[in-house]
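Written below as structure tokens is the structure these notes are about.
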Amino acid sequence: MSTVLFTNARLIDPEAGTTSTGWLQVADGRIVARGEGNAPGSDGQIIDCNGKCLAPGIIDIGVKVCEPGERHKESYKSAGLAAAAGGVTTIVTRPDTSPAIDTPETLEFITRRAQADTPVNMLPMAALTKGREGREMTEIGFLQDAGAVAFTDCDHVITNTKVLSRALTYAKSCGALVIAHPQEPGLSAGAAATSGKFAALRGLPAVPPMAERMGLDRDIALLEMTGAAYHADQITTARALPALERAKRNGLDITAGTSIHHLTLNELDVADYRTFFKVKPPLRSEDDRQAVIEAVRTGLIDIISSMHTPQDEESKRLPFEEAASGAVALETLLPAALRLYHADQLDLPTLFKALALKPAKRLGLDSGRLSNGTPADLVLFDPDVPFVLDRFALKSKSQNTPFDGQRMQGKVLATYVAGQAVFRRP
Amino acid sequence: MRFAHRHLLGIEHLSQSDITEILDLAETYVDMNRQSTKHSDVLSGLTQINMFFENSTRTQASFELAGKRLGADVMNMAMQASSIKKGETLIDTAMTLNAMHPDLLVVRHPHSGAVDLLAQKVNCAVLNAGDGKHEHPTQALLDALTIRRAKGRLHRLNIAICGDVAHSRVARSNLILLGKMENRIRLIGPPTLVPNQFAEFGAEIYGDMNEGLKDVDVVMMLRLQKERMDGGFIPSEREYYHRYGLDAAKLAQAKPDAIVMHPGPMNRGVEIDGTLADDINRSVIQEQVEMGVAVRMAAMDLLARNLREAA
């Protein structure tokens with residue numbers, strides 16, 4: 001029996017909502033014991049954490065790995081290395097590849113690719129409709145058997161309400177989770193920014209924030225009708241929050257996520273048309289950002305994701321309207337999230353509730369916590385060490401991060417999957 | 001304070017004194033352009049490339065004439081018909097041109113921010129001749145010169161900008177410039193074309209043109225950007241003309257000596273009455289074209305001085 005004993009750790013327990021100094025014992029890839037104060041003796045491996053933070057590894061829902069189709073932007077190997085370096089122990093991958101992951105065969109292909117090349121856990125999502133075209137639902141049952149943990153057309157909104165209601169009804173019968181991008185596509189088509197003074201000044205096509213509320217309202221109505229399990233990928237505006245709150249209060253099976261970029265940046269960061277700040281949905285006003293942080297604090301918004309979207313230089317070195325959307329974030333997710341900790345807006349257990357515990361619960365995983373018997377997927381980090389981010393030091397094949405050159409605070413020291421180190425900061 | 005800019009990308013970056021300096025220098029070029037020999041050598045030896053990714057007749061002609069009158073070697077490139085069609089990116093095109101060592105690059109592009117992007121990648125001075133819905137700085141400067149000459153000042157005037165503000169780079173640049181020079185600005189148009197966000201720039205917004213034109217000194221009409229309309233902004237051109245087209249009756253609300261401006265090309269009978277546009281007592285539209293050449297000469301002269309100093 002291989003054992004690892006973590007001693008002198010600041011344990012971040014999102015389940016109990018506590019931080020405490022203590023030890024944690026791992027055997028055969030699972031947590032077997034933990035306690036406060038001095039550790040008991042051990043004849044296995046001992047890791048002295050030097051008082052640094054030990055937390056459940058991040059479970060990141062909505063990671064884009066560009067296989068198949070655009071391996072030059074991100075492969076399973078590079079994404080796996082980036083995830084490990086970022087303290088992400090489970091990547092839940094998006095099906096918006098080319099072709100889309102919409103058959104059991106393509107799903108098996110990426111699962112094999114991940115097994116061969118990725119040191120962290122990989123759980124695939126599959127498309128909800130064939131080709132993400134919003135016309136015919138995919139083989140949800142077969143895809144589930146092949147390992148799909150959720151079904152989503154990513155940023156494609158299914159405009160045909162009949163198609164979506166049938167897909168939700170069918171998914172419900174399979175016990176499948178549907179993840180959607182709440183947005184009214186009539187208003188958001190062609191938009192590169194959020195309506196407001198900034199977009200008007202820069203002359204950019206813009207979408208009113210209300211488009212998110214309208215998309216969410218429609219989906220909530222369909223949930224009332226179908227009873228399906230539903231997760232909104234990114235809630236980024238204040239106006240969508242009351243609708244979400246009401247739906248939860250009415251007992252619908254609904255959760256919501258947000259992206260790390262919408263939590264830590266606002267529309268003004270785009271400044272002189274900096275395309276690395278172009279994400280989808282576009283960055284919002286500071287008022288919206290603050291409302292979303294508060295919603296994460298209260299738990300109304302359940303999950304924080306990286307929305308990792310690799311884009312090569314050619315896709316970004318274009319006029320703002322033409323440039324591709326998305327940012328890489330696997331490695332910057334934790335340091336960026338720690339900005340909210342350093343700003344006294346979210347404490348560490350709350351952060352890890354949104355980064356690990358709640359994603360695990362939503363997907364029915366037993367990871368994401370520090371309890372006995374659960375997988376020893378762990379991240380050891382120093383929340384205080386300052387650094388300036390150099391995008392060329394990132395492990396992703398694409399380096400399109402909005403945090404390039406910015407001061408960050410907090411570094412991952414080591415990442416463990418099933419008790420094995422998959423990353424150690426040199 | 002003297003003009004200390006490498007590029008002319010937008011009015012946003014200019015100070016009051018920058019604006020005044022350009023206009024003062026432009027006055028001398030107005031005089032020069034009215035003489036029979038209109039030539040100077042201040043740009044001699046320099047190469048000016050006009051790169052237009054969007055159709056333009058008057059702006060391109062104005063920049064070309066301005067460059068030639070100052071002795072620059074001027075080349076026009078109609079980018080619509082060229083490499084862009086072959087899939088070359090804007091940056092690659094810019095790098096290619098940069099290798100030919102131009103000194104002044106005049107760029108128009110259909111996307112907001114494209115000229116800023118290009119300016120980051122080349123070594124020469126870049127003049128924005130209009131980018132998407134963002135800025136058109138030389139148009140605002142020529143409008144300012146026209147107003148200053150007609151009204152004797154460029155501050156504390158009531159100025160109405162009427163029409164398709166939402167799609168207009170001319171409106172944005174004018175709004176910024178006239179705001180910087182401390183004028184009161186009114187925006188007039190239907191709410192689909194004059195969104196409320198513009199109130200945050202310090203302008204007053206009017207949905208009723210008769211009310212909005214009351215006692216203004218300057219009436220600045222905008223072209224209805226038909227080519228930019230994805231549809232649905234106004235019900236029809238005739239209703240638009242009825243409610244927001246400038247005619248003698250509506251103009252009667254303005255001060256008796258109010259001037260009428262239009263950046264051209266005009267849609268007669270859509271945003272402006274044809275007779276009014278030709279009325280030399282009220283319309284300064286021809287004067288605007290004349291000021292355009294002078295202002296562009298001044299802007300290029302100032303940028304070239306900085307280029308030569310840096311060399």
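Throughout, a chain's letter reflects where its sequence line sits, starting with A, and its residues are numbered from 1.
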*Does the side-chain contact (heavy atoms from CB on, under 4.5 Å) test come out yes or no for A:Leu201 and B:Ile176, once each step is laid out?*
CA-CA 9 Å; A:Leu201 180 66; B:Ile176 301 170; 4.0 Å; yes

*Applying side-chain contact (heavy atoms from CB on, under 4.5 Å), run through B:Ser112 and A:Phe320 and close with a yes or a no.*
CA-CA 7 Å; B:Ser112 304; A:Phe320 199 82; over 6 Å; no

*B:Phe201/A:Lys197 under side-chain contact (heavy atoms from CB on, under 4.5 Å): CA gap, chis, key distance, verdict*: CA-CA 8 Å; B:Phe201 294 95; A:Lys197 187 183 177 186; 4.1 Å; yes

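Nearest heavy atom pair, residue B:Phe198 against residue A:Ala200, reads CZ-CB, 4.1 Å.
Taken from CG in A:Leu204 to NE2 in B:His111, the straight-line distance is 10.0 Å, to the nearest 0.5 Å.
At distances below 3.5 Å, not a single donor-acceptor pair connects side-chain atoms of B:Gln197 with backbone N or O atoms of A:Ser195.
More than 12 heavy-atom neighbours from other residues, nucleotides or ligands sit within 6.0 angstrom of CZ on A:Arg218. Counting non-hydrogen atoms of other residues, nucleotides and ligands closer than 6.0 Å to NZ of B:Lys180 gives a total above 12. For A:Arg274, the CZ atom counts as densely surrounded, since its 6.0 Å shell holds more than 12 non-hydrogen atoms of other residues, nucleotides or ligands. Within 6.0 Å of the CZ atom in A:Arg407, the count of heavy atoms belonging to other residues, nucleotides or ligands does not exceed 12.
The candidate with the highest count of non-hydrogen atom pairs below 4.5 Å against chain A, out of B:Glu135, B:Lys121, B:Gln120, B:Glu200, is B:Glu200.
Of the candidates B:Thr89, B:Ile91, B:Leu90, A:Arg317 forms a side chain to side chain contact (heavy atoms under 4.5 Å, CB included) with just one, namely B:Ile91.
For B:Leu175, no part lies near chain A; criterion is any non-hydrogen pair under 4.5 Å. For a residue to count as touching a neighbouring chain, one of its non-hydrogen atoms must lie under 4.5 Å from one of that chain's; by this rule A:Glu314 does not touch chain B.
A salt bridge links A:Arg202 with B:Glu12; the closest basic N to acidic carboxylate O contact falls under 4.0 Å.
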